[in-house]
Amino acid sequence: MVRLGGMQALTGLIGLALVLSACGDQKPGVTEPSAAPSAIAPPNAKLAMLAVFPDAVNGEVAIPASGGALARVERPVTVIAGEAGRFYLVKAKEVTAGCHACSASVSVYYLRDTNGALSLSAPYRDLYESGGWGEAGEITALTLPRNGGVGMTDESGFTAQGCTVTNVSVYRFDESGPKDILDRAPLGRSQDAIDIGGTVIRPYTPDTDFAINYSGNANSVPIDATVMWTMENGVLVQSSGMIPEAVASGC
């Protein structure tokens with residue numbers, strides 16, 4: 001393993017990455033948010049990993065198999081921009097053996113940028129399990145339009161006996177740590193004559209915090225429905241529309 005030398009070199013690399021990010025540079029396999037409230041572009045996710053794991057090679061950390069546990073790799077998924085120089089590194093601990101029944105452990109690290117140098121503010125390790133085949137689900141930045149909160153969505157699913165279902169969870173990055181504000185809302189289903197997919201709308205209306213449009217067919221009946229959620233007591237509560245029964249019932 002190659003050790004990257006010195007805080008001075010790390011600071012220079014991060015500063016260069018900020019410039020490249022602002023010019024639209026994007027590394028393969030890293031999802032960048034489409035919009036962010038920060039005036040500073042998010043740093044390259046692999047270099048953000050170095051602010052947390054100085055020994056990371058190519059931005060990843062290998063975890064050898066031990067004690068019956070399969071080998072894993074910790075890799076950056078995305079960096080989400082907050083306000084006032086804050087950034088959120090989302091990382092997945094994935095199984096490298098392609099295990100069908102395995103999921104990935106997702107962590108979030110709160111970072112702060114000071115004159116082009118990233119530092120770790122708080123680690124939130126192994127928050128939850130996501131995805132299948134040892135890999136995390138599709139994780140994307142989310143800005144809650146009414147209160148300016150920043151967070152992420154995680155679209156995950158599984159297939160069993162010919163039935164595929166997907167769901168979406170929403171986390172908001174609070175001062176005290178990431179908060180699960182929507183836990184696995186039904187997003188889609190594919191089975192026999194049922195083929196319905198959900199798309200997260202970003203954002204929907206000024207008086208709505210979160211929305212999903214469902215479209216497809218259920219036993220030859222066309223589906224086109226929009227369901228909306230609003231924040232109540234710190235969580236997203238369904239406020240308008242109905243999740244299609246074929247999706248809500250699952251497999």
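Here the structure is a predicted model, which means the values were calculated and not measured.
- For residues 152-195, the pairs satisfying disulfide bond (SG atoms under 2.5 Å apart) are C163-C251, with sequence neighbours left out.
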Contacts under 3.5 angstrom, residues 116-129 side chains, donor-acceptor by atom type, not counting sequence neighbours:
{"residue": "Y124", "atom": "OH", "partner": "S176", "partner atom": "O", "Å": "3.4"}
{"residue": "D126", "atom": "OD1", "partner": "K93", "partner atom": "NZ", "Å": "3.4"}
{"residue": "D126", "atom": "OD1", "partner": "S105", "partner atom": "OG", "Å": "2.6"}
{"residue": "Y128", "atom": "OH", "partner": "D154", "partner atom": "OD2", "Å": "2.6"}
{"residue": "E129", "atom": "OE1", "partner": "S103", "partner atom": "OG", "Å": "2.8"}

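- Distance alone, capped at 3.5 Å, is enough to place a donor-acceptor pair between the E94 side chain and the A136 backbone.
- No side-chain N or O of S190 forms a donor-acceptor pair with one of T164 less than 3.5 Å apart.
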With side-chain contact (heavy atoms from CB on, under 4.5 Å) as the criterion, how do I243 and V227 come out once you've worked through the C-alpha distance, each side chain's angles and the decisive distance to 0.1 Å?
CA-CA 6 Å; I243 299 173; V227 180; 4.2 Å; yes

Any chance you could lay out the side-chain contact (heavy atoms from CB on, under 4.5 Å) test for I80 and V90, step after step, and finish with the verdict?
CA-CA 8 Å; I80 297 172; V90 183; 4.2 Å; yes

Could you go through the side-chain contact (heavy atoms from CB on, under 4.5 Å) check for D209 and L236 one step at a time?
CA-CA 8 Å; D209 292 296; L236 289 170; 3.7 Å; yes

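- Between R184 and V168 there is no side-chain heavy-atom pair separated by less than 4.5 Å.
- Between the S130 side chain and the G137 main chain, a donor and an acceptor come within less than 3.5 Å of each other.
- Listed by first and then second residue, the side chain to side chain donor-acceptor pair (under 3.5 Å) pairs that reach into residues 229-251 are R189-S249, sequence neighbours excluded.
- Legend: residues meeting side chain to side chain donor-acceptor pair (under 3.5 Å) with N213, ordered by chain and number and at least two apart, are D224, T226.
- The list of ring-ring contact (aromatic ring centres under 6.0 Å, His included) pairs with a residue in residues 137-162, not counting sequence neighbours, is empty.
- By the rule that hydrophobic residues join a cluster once side-chain heavy atoms approach within less than 4.5 Å of another member, V106 and F173 end up as members of one cluster.
- If you chain together hydrophobic residues whose side chains sit under 4.5 Å apart, V79 and V61 fall into the same group.
- Within a 6.0 Å radius of CD in Q191, other residues, nucleotides and ligands contribute more than 12 heavy atoms.
- Between the side chain of R172 and the backbone N or O of T143, no donor-acceptor pair lies under 3.5 Å.
- Within the 3.5 Å criterion, the main-chain N or O of G177 finds no donor-acceptor partner in the side chain of D174.
- One finds a salt bridge joining E74 and K91 here, because a Lys/Arg side-chain nitrogen approaches an Asp/Glu carboxylate oxygen to under 4.0 Å.
- Residue T140 forms a side-chain contact (heavy atoms from CB on, under 4.5 Å) with just one option from M152, E155, R202, and that option is R202.
- Counting only residues at least two apart or on different chains, no disulfide bond (SG atoms under 2.5 Å apart) pair has a member in residues 110-159.
- The side-chain heavy atoms of I139 and T153, taken from C-beta on, include no pair separated by under 4.5 Å.
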Checking Y110 against Y88 for the side-chain contact (heavy atoms from CB on, under 4.5 Å) test, could you report, in this order, the C-alpha distance in whole Å, the side-chain angles of both residues, the deciding distance, and whether it holds?
CA-CA 5 Å; Y110 284 28; Y88 307 94; 3.5 Å; yes

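- The side-chain contact (heavy atoms from CB on, under 4.5 Å) test with T166 is passed by exactly one of V247, T159, L187: L187.
- For the pair R72 (side chain) and A104 (backbone), a donor-acceptor distance under 3.5 Å is absent.
- Note on F87 and F53: same hydrophobic cluster, where clusters join Ile, Leu, Val, Met, Phe, Trp and Tyr whose side-chain heavy atoms are under 4.5 Å apart, directly or indirectly.
- Salt bridge E175/R86: present, at least one basic N to carboxylate O contact under 4.0 Å.
- Under the 4.5 Å side-chain contact rule for hydrophobic residues, V200 and M231 share a cluster.
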